[in-house]
Amino acid sequence: MIGRKIIELENINSTNDYIKAHFKELDDGTIVVAKRQWAGRGRSNHQWKSELGNLYFSFIIKKKIVRDELFMFTVLSSMAVINLLKNYKINAVIKYPNDILVNNKKICGILTESSGSKEIDHVVIGIGINVNQEDFQELNSLAVSIKQITKQDYQVKQILKDFIQEYNLLEETSYLKGFNAYLKASLIIGKKIIFEGMKYEISGIKENGEIIIKNEKHQKAIILNSINIKELS
Ligand code: BTN
């Protein structure tokens with residue numbers, strides 16, 4: 001269960017970094033939310049610009065897991081976002097592994113970070129949801145907010161509440177159900193991809209997060225950090 005304790009901050013470098021710096025004193029499931037971040041991070045060391053009006057938060061899961069189980073948090077978090085958006089009548093899809101898109105534009109990004117290489121004792125999941133932003137400047141063709149879609153303003157706190165509710169609901173339900181919903185919402189299944197110079201079709205995603213690609217000659221399970229949407233057809 002997440003969200004029993006919520007730490008609210010005005011401005012911080014990054015909510016993921018805050019949790020990583022304080023993880024010893026934070027209880028399992030604690031959420032850290034900030035109105036702004038001055039060094040918000042995305043995957044692959046990208047910057048996550050974090051201006052006022054959107055939702056920036058992270059939570060900590062403190063339990064011993066093995067690397068193969070990490071993907072579960074991506075699935076639960078992605079589906080919690082997909083489900084909360086549905087309640088605002090927004091149909092979103094997942095671009096593997098954990099970008100949430102609406103009409104090919106990113107509405108939410110998820111950054112999962114963990115300790116250790118084999119045995120992991122805590123995981124930090126950081127989520128940025130574009131809520132009220134109206135202009136993404138140079139990223140206008142790539143990003144979108146809930147407000148841009150529904151033409152309404154939102155209380156950022158309410159969106160966090162929605163996320164907590166959806167996440168906890170999914171956590172209580174059978175994982176397989178959530179995983180199947182993740183597969184259904186995934187944009188990449190059935191798409192063509194070039195991998196190591198060869199053409200493949202993406203035929204599935206394994207529970208540990210590897211994607212299954214196949215062509216006439218080979219079938220492989222591979223981990224991709226991110227897929228450039230242009231690589232897919
Ligand atoms: C991505 O799409 O590359 C992941 C973006 C993750 C952004 C969130 S905002 C809250 C948390 N704090 C960070 O510095 N990053 C994550």
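Read the numbers this way: they start at 1 and go in the same order the structure lists the ligands and their atoms.
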Q) Looking only at non-hydrogen atoms, which of Gln47, Glu113, Arg41 approaches atom 6 (C) of ligand 1 most closely? A) Arg41

Q) For Glu113, does the CD atom sit with more than 12 other heavy atoms under 6.0 Å from it, leaving out its own atoms? A) yes

Q | Lys151 (side chain) donor-acceptor with Gln148 (main chain) under 3.5 angstrom | A | yes

Q: For the pair Phe195 and Tyr200, name the ring-plane relationship: parallel under 30°, tilted 30 to 60°, perpendicular over 60°.
A: perpendicular

Q) Which of the numbered atoms in ligand 1 are below 4.0 angstrom from a heavy atom of Ser58? A) 11 (C)

(Q) Out of Arg43, Gln37, Lys106, who is nearest to atom 2 (O) of ligand 1 when you count heavy atoms only? (A) Lys106

Q: Identify, by atom number and element, the atoms of ligand 1 in contact range of Gly40, meaning under 4.0 Å from any of its heavy atoms.
A: 14 (O)

Q: Specify side chain, backbone, both or neither for Asn98, according to which of its non-hydrogen atoms lie closer than 4.0 Å to ligand 1.
A: neither

**Q.** Geometric class of the Tyr154/Tyr88 ring pair [parallel <30°, tilted 30-60°, perpendicular >60°]
**A.** perpendicular

Q: Kindly compute the distance separating CG (Leu139) from NZ (Lys105), expressed to the nearest 0.5 Å.
A: 10.5 Å

Q.
Tell me whether the rings of Phe59 and Tyr167 are parallel (<30°), tilted (30 to 60°) or perpendicular (>60°).
A. perpendicular

Q. Linking I/L/V/M/F/W/Y whenever their side-chain heavy atoms sit closer than 4.5 Å, directly or via other members, would Ile125 and Phe179 fall into one cluster?
A. yes

Q | Distance filter under 4.0 Å to Ile110 heavy atoms, resulting ligand 1 atoms | A | 2 (O), 4 (C)

Q. Got the closest protein heavy atom to atom 11 (C) of ligand 1, with its distance?
A. Thr15 OG1, 3.3 Å

Q: Could you tell me whether Trp48 and ligand 1 have an N or O pair separated by under 3.5 Å?
A: no

**Q.** Contacting atoms of ligand 1, where contact means under 4.0 angstrom from a heavy atom of Asp99
**A.** 2 (O)

Q.
Please list, in number order, the atoms of ligand 1 under 4.0 Å from a heavy atom of Gly42.
A. 1 (C), 3 (O), 4 (C), 5 (C)

